[in-house]
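The structure appears below as C-alpha cells.
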Amino acid sequence: MENQFERWHPVSQLAYYVFVFGISVFIMHPVITGISFISAIFLGIVIDRKRFLKMFICLYIPAVIAGIIINPLFSHEGVSIIWYFPDGNPLTAESIIYGVMAGIMIGSIFTFLFSFNKVMTSDKVMYLTGCVLPYIALVISMVLRFIPEFKHHLSEVLVARKCIGKGLNEKNLMKKIRNACTVMSIMATWAFESSVDKSDSMRARGYGICRRSSYSIFRYTKKDIVIIAVILAACGYMVYAIMSGAVYVQYYPCFKMEQSKIAAGFAYFLYAAVCILPVFDIWMEERVWKSLQSKI
Amino acid sequence: MEVFTIKNLTFKYPKSGNCALDSVNLTIKKGEFLLICGKSGCGKTTLIRHLKTVLSPAGEKDGEIYYEGTLINEVPDRVQAQKIGYVMQNPESQIVTDKVWHELAFGLENLGFKNSAIKIRVAEMASYFGIQNWFHRETKELSGGQKQILNLACIMALNPDVIILDEPVSQLSDIAAREFLMLLGKIHEEFGVTVIIVEHRLENVFPMCDRIVVMDKGKIVSLGDKQQTIENIKDNDFFDAMPVPVKICAKLGAKPYNVPVNVNEGRRFIEKYVSEKQCVKKDDGVHCGKTVRENIIAIKDVWFRYGKNGDDVLKGLDFTIEKGKLTCILGGNGAGKTTLLYILCGILAPYRGKIIIKGKNIKKWSADGLYGKLIGMLPQNPAALFVKDNVYEDMAECIADKNCVEKKIEYISGLLDINDILDKHPYDLSGGEQQRCALAKVLLTEPEILILDEPTKGFDGFHKRKLAEILKKLLDDGVTILMVSHDIEFCAEYADICALCFDGGITASGNAKQFFAGNSFYTTSANRMVREYFPAAVTPGEVVSLCSIT
C-alpha cells in the first residue's frame with residue numbers, strides 16, 4: 001500500500017528532497033541539523049519501520065559515532081582545551097562539538113536517503129527525467145524492458161542446451177569455454193533480431209513522424225500546489241536568513257551562535273514544519289481512517 | 001467501399017529465385033473480417049507486410065496497392081500509423097516499454113497527443129480490454145496471452161480503421177488464443193473495424209470470418225466465403241487444417257455450400273445423417289488388451305514450488321511413463337505441466353519425492369549420462385535451441401559422430417520437410433519452420449526418451465500429420481515419447497496414453513481413447529459432435545468410419 005507521502009506528485013517529492021538535502025548538506029548548525037536528523041528518523045520509521053531500524057542501528061549510528069570520534073583525533077583547533085593527547089596535541093571542546101555536528105549531519109543525510117530510495121521509485125525518476133529529456137526517458141524505459149527479456153532468453157537457451165547435452169557443466173575446460181562462447185554469440189544475434197522486431201513495432205505505431213509528447217499517470221492535486229508553494233516560501237526565507245546572518249554558527253576558534261532570536265526562531269520553525277510535512281500528512285491520514293472506523 | 005486494393009502485386013526477396021508473391025489481386029472491403037491462410041512459407045506474411053509502408057520488406061516489387069483509393073506510398077505516415085494497425089506474431093518482442101500504462105500510451109505519444117487526450121484514450125482502452133487490474137504492472141510480469149491482448153489494445157488506442165494481425169495466436173496456448181480471438185471478434189462487431197488476419201490454426205478463426213483467402217506458393221488459390229472456400233480446397237493438402245466439423249461433414253457428403261462449420265451445426269448434421277442413414281448406434285466402450293507394462297520413468301509423490309514462500313505448483317504428483325509409448329499430458333495454463341517436464345529432466349529439483357529413471361534415482365545420474373543420450377527435450381520456445389548462423393550448422397552441432405553428418409542431416413531434413421531452408425538463419429524462419437528445425441536438432445541427439453513441450457504450436461494440419469508420422473516411426477524404434485500439449489485433437493488421434501494435469505497433480509490418466517470418451521467437456525470436437533451416437537469415437541476418422549456402417 002502506498003502512503004500519503006508516496007502519493008504526492010513526483011515534482012512535490014523532488015522539491016521536498018532537494019530542499020531538505022540542500023539545507024542539510026550546506027548548513028551545519030546545531031538546531032537545523034538536529035531538526036533534519038529527528039525528522040529524517042521519523043520519516044524513516046513511518047515509511048518502513050522494520051528495515052529502517054535495522055539500517056539505523058547497523059549503519060547510521062556507527063557513521064555518527066565515527067564522525068564524533070574521528071574529528072577530535074585529527075582536528076586540534078579551538079580555544080577550550082580539555083586534555084592533552086600523549087603525543088602532545090590538545091583535545092578541544094570545539095573539535096568535539098564539530099565532530100558531533102558532522103556525525104549528525106552525515107547521519108541525517110543517510111536517513112533521508114533511506115526514505116528517498118523508498119519513495120522515488122524508478123517510474124517517478126523516469127517521469128522527472130522525461131519532463132526535461134523525454135527521449136532519454138524513453139531510452140531508459142526501453143532498457144528496463146530489454147534487460148529482463150534478455151535474462152529470460154538467456155536462461156531459456158541455457159536450459160534448452162542443457163537438455164540436449166550441451167550444458168555449461170562440462171568437465172573439459174576447453175569445451176566449456178567453447179559452449180559459453182556459442183551461447184554468447186547467439187545472445188548477441190538474438191538481441192539484434194529482437195531489436196529489429198522492436199523497431200518495426202515502434203515505427204508501425206508512428207515513432208519518429210513528429211515530436212513526441214510524454215504521457216504520465218501522475219496527477220497534480222491542490223495539495224501538491226500548496227506543498228510546493230510552502231517549500232518555495234520556506235526555501236526563500238532560509239536563503240534570506242542565512243545570507244543576513246540570522247542563522248549563523250561558528251565552531252573555531254570558539255563556538256558562537258547567532259544573535260537575533262526572532263529571525264532565527266522563525267527559520268527553525270519554518271524548516272521544522274517543512275521537514276515534518278510528509279510525516280504529518282501520513283499521520284493525518286491514519287487519524288482520518290481511525291476516526292472513520294470508530295464511527296462504524 | 002474498398003479499404004485496400006491490390007493490383008498485380010509481384011514480389012521477390014533479394015537473392016531469391018522464386019517469387020514470394022506472384023501477381024496477387026485482391027480487394028479488401030471495409031468492415032470485413034478477412035482470413036488469409038495457407039501452408040507455412042506461402043507468402044502470407046509478405047503479403048500483409050506490404051499493406052503498411054514502414055513494414056514493407058525490401059526487394060523487387062511490381063504492381064500497385066491502394067489504400068482507400070490512394071497509392072499506399074502516397075498515404076502520409078501519420079495516417080498510416082493511426083489508421084492501419086499491425087499486430088505481430090511474437091507477443092514478447094513488440095512490447096517496447098517496461099510499464100503497461102506506458103505501452104498503452106506509446107503510440108499516442110508518438111503522434112504528439114496532449115496529455116489530457118492520452119489520459120482519456122488510455123483509460124478507455126484499459127477499461128474495454130479489462131486491463132485496469134494490471135495497468136500498473138511491469139510488462140515482463142504478464143503472461144503470453146496478456147501480452148498479446150496488450151499489443152492489441154495498444155493498436156486500438158490509436159483508433160484504427162484496419163487491423164492487420166500476423167498469426168497473433170500462434171505462440172499462445174489454446175485457451176489464451178481463444179480468449180484473444182473472442183476479443184478480436186468483439187472489436188470487429190462493435191466498432192466495424194476491418195480485420196485482416198493471417199492464421200493457419202483455423203479451428204477457432206474459421207467460423208468467425210467473412211471471407212477467406214487461401215494462398216499457396218505466393219499465389220491466391222481460393223478466395224470466397226466459408227462455404228465457397230470449403231468447396232474450393234476440398235482436394236487440396238490444406239483441407240487438413242479445416243475445423244473438425246467441416247472435415248467430418250465434408251467426408252460424410254454434406255451438400256456443397258451447406259457444410260457445418262462449428263460443433264453445434266455439426267451435431268445437427270450428424271443427427272439428421274444418423275436418422276436418415278439408420279446408422280448402428282455403438283455405445284460400447286473401447287476395449288484394449290492388457291499388455292505387459294514396463295515403466296521407464298516413475299514419479300513418486302513429487303512436491304515442488306518456486307521459492308520458499310511461493311505456492312506449491314506440484315502437490316504430491318504420482319505418475320509413471322511407459323517405455324515405448326507416446327504419453328501426452330494435457331491441462332490448462334499454469335497447471336504445472338512445463339514445471340513437471342523440467343523436474344523430469346532434472347533442471348528443477350522437487351523439495352519432496354523422487355524421480356526414478358530406468359530404475360535409478362535421477363540424482364544419481366550424471367549430467368553426461370542423462371542429457372543428450374537418455375533424455376532430449378524440445379523446449380516450448382524453439383528459438384532457444386538455435387545457436388549457429390544457419391540451420392545446417394546448427395544441426396551438425398548435435399551430431400556426435402562427425403563422419404556421417406551429411407547423411408544424417410539429409411535423412412532428418414527429408415523427414416521433417418526442411419530441405420529448402422537448411423541455409424537460412426534460424427531466426428529468419430517462420431514459427432512452424434523453427435519448430436521443425438528445433439525438433440530436428442533434438443532428434444539428432446538420438447535420445448531414448450524424447451520430451452516435447454507443445455510440439456504442435458505453430459503447426460498447420462499438414463505438418464501436424466507429418467509430425468505424427470515421425471513420432472510413429474520413433475515409437476517403432478523403441479523411443480519413449482512424453483509430450484505436453486494443449487492440442488486435444490492431436491493427442492486424441494495419436495497418443496497411446498493421455499493424462500490430465502490439474503492443480504498440481506495428475507487427476508486422470510489412461511488409454512487415450514478411453515480418456516477422451518470418458519470426458520464430457522475436455523474432449524475433442526469430433527467427440528462432442530457425435531457423443532450421443534458414438535460415445536467412443538474421438539477422432540474425425542473414427543466418426544467417419546462409424547457413420548459409414550449402416
Side-chain angles (χ1 to χ4, degrees), chain A residues 122-123 126 134 138 140-149 151-167 169-171 179 182-183 185-187 189-190 192-217 219, chain B residues 52 54-55 77-78 80-82 85-86 88 90 92-99 101-102 105-115 118-119 122 136 138-140 154-155 158 342 345 347 367-368 371-373 375-377 379 381 383-389 397-398 427 441-442 445 451:
Chain A
S122 68
D123 50 334
M126 197 125 71
L138 179 65
I140 297 173
S141 171
M142 288 172 67
V143 170
L144 286 177
R145 160 90 192 113
F146 178 74
I147 292 169
E149 219 182 325
K151 269 189 182 157
H152 177 75
H153 192 74
L154 179 62
S155 77
E156 264 188 349
V157 170
L158 291 176
V159 167
R161 288 183 66 73
K162 189 174 175 191
C163 287
I164 56 164
K166 302 231 173 279
N169 48 355
E170 277 295 333
K171 287 199 183 76
N179 269 349
T182 319
V183 172
S185 86
I186 198 64
M187 285 311 292
T189 315
W190 175 85
F192 178 73
E193 278 299 318
S194 86
S195 68
V196 169
D197 253 12
K198 207 141 282 181
S199 85
D200 272 352
S201 158
M202 286 168 75
R203 284 185 304 152
R205 283 188 277 161
Y207 182 79
I209 55 176
C210 66
R211 206 187 139 73
R212 268 176 67 84
S213 58
S214 183
Y215 173 66
S216 80
I217 46 170
R219 267 173 286 194
Chain B
K52 203 164 156 97
V54 287
L55 297 178
D77 285 344
R78 200 185 165 83
Q80 284 200 30
Q82 219 169 345
Y86 195 99
M88 290 186 275
N90 188 341
E92 190 82 34
S93 62
Q94 49 188 318
I95 293 178
V96 177
T97 63
D98 63 331
K99 294 274 191 219
W101 61 265
H102 197 181
F106 181 77
L108 297 161
E109 286 181 333
N110 286 337
L111 299 175
F113 276 74
K114 282 216 184 74
N115 226 320
I118 298 180
K119 183 178 282 173
V122 163
H136 289 279
E138 298 205 359
T139 45
K140 68 175 178 205
C154 292
I155 298 300
L158 295 169
Y342 282 151
C345 297
I347 302 288
D368 290 344
Y371 305 119
K373 295 189 187 88
I375 288 182
M377 178 161 99
N381 176 9
L385 265 179
F386 302 124
V387 289
K388 292 284 159 76
D389 291 339
E397 182 206 44
C398 282
Y427 284 173
K441 266 194 92 166
V442 177
T445 65
I451 296 179

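Letters go in sequence order (proteins before strands), and every chain restarts at 1. Heavy atoms only: backbone and side chains are in, while hydrogens, waters and symmetry mates are out. Computed from a predicted model, the values in this text were never measured in an experiment.
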Supply the atom-to-atom distance [X] [atom1] to [Y] [atom2], rounded to the nearest 0.5 angstrom.
X	Y	atom1	atom2	answer
B:F106	A:Y207	CZ	OH	7.0 Å
B:N110	A:C210	CG	SG	7.5 Å
A:I209	B:Q80	CD1	CD	9.5 Å

With a 4.5 angstrom heavy-atom cut-off, could you sort out which part of [X] is near chain A: side chain, backbone, both or neither?
X	value
B:I95	both
B:K140	both
B:L55	side chain
B:M377	both

Quiz item: For A:L144 and B:E138, what are the C-alpha separation, side-chain angles and deciding distance, and is it a side-chain contact (heavy atoms from CB on, under 4.5 Å)?
Solution: CA-CA 10 Å; A:L144 286 177; B:E138 298 205 359; over 6 Å; no

Quiz prompt | Side-chain ion pair, B:E92 and A:R145, N-O less than 4.0 Å | solution =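 Salt bridge: yes.
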
Exercise. Using a 4.5 Å cut-off on heavy atoms from C-beta on, say whether the side chain of B:K119 contacts that of A:R219.
Key: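 Yes, their side chains come closer than 4.5 Å.
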
Quiz item: What residues form a ring pair (Phe, Tyr, Trp, His ring centres under 6.0 Å) with A:F146, not counting sequence neighbours?
Solution: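 Partners of A:F146 by the ring pair (Phe, Tyr, Trp, His ring centres under 6.0 Å) criterion, ordered by chain and then number, come out as A:F150.
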
Practice problem: Let me know if A:M126 has heavy atoms under 4.5 Å from chain B in its side chain, its backbone, both or neither. | Solution: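 The side chain, not the backbone.
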
Quiz item: Side chain, backbone, both or neither: which part of A:S199 has a non-hydrogen atom closer than 4.5 Å to chain B?
Solution: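 No part of it gets close to chain B.
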
Practice problem: Carefully, step by step, assess A:I186 and B:Y427 under the rule side-chain contact (heavy atoms from CB on, under 4.5 Å). | Solution: CA-CA 10 Å; A:I186 198 64; B:Y427 284 173; 3.6 Å; yes

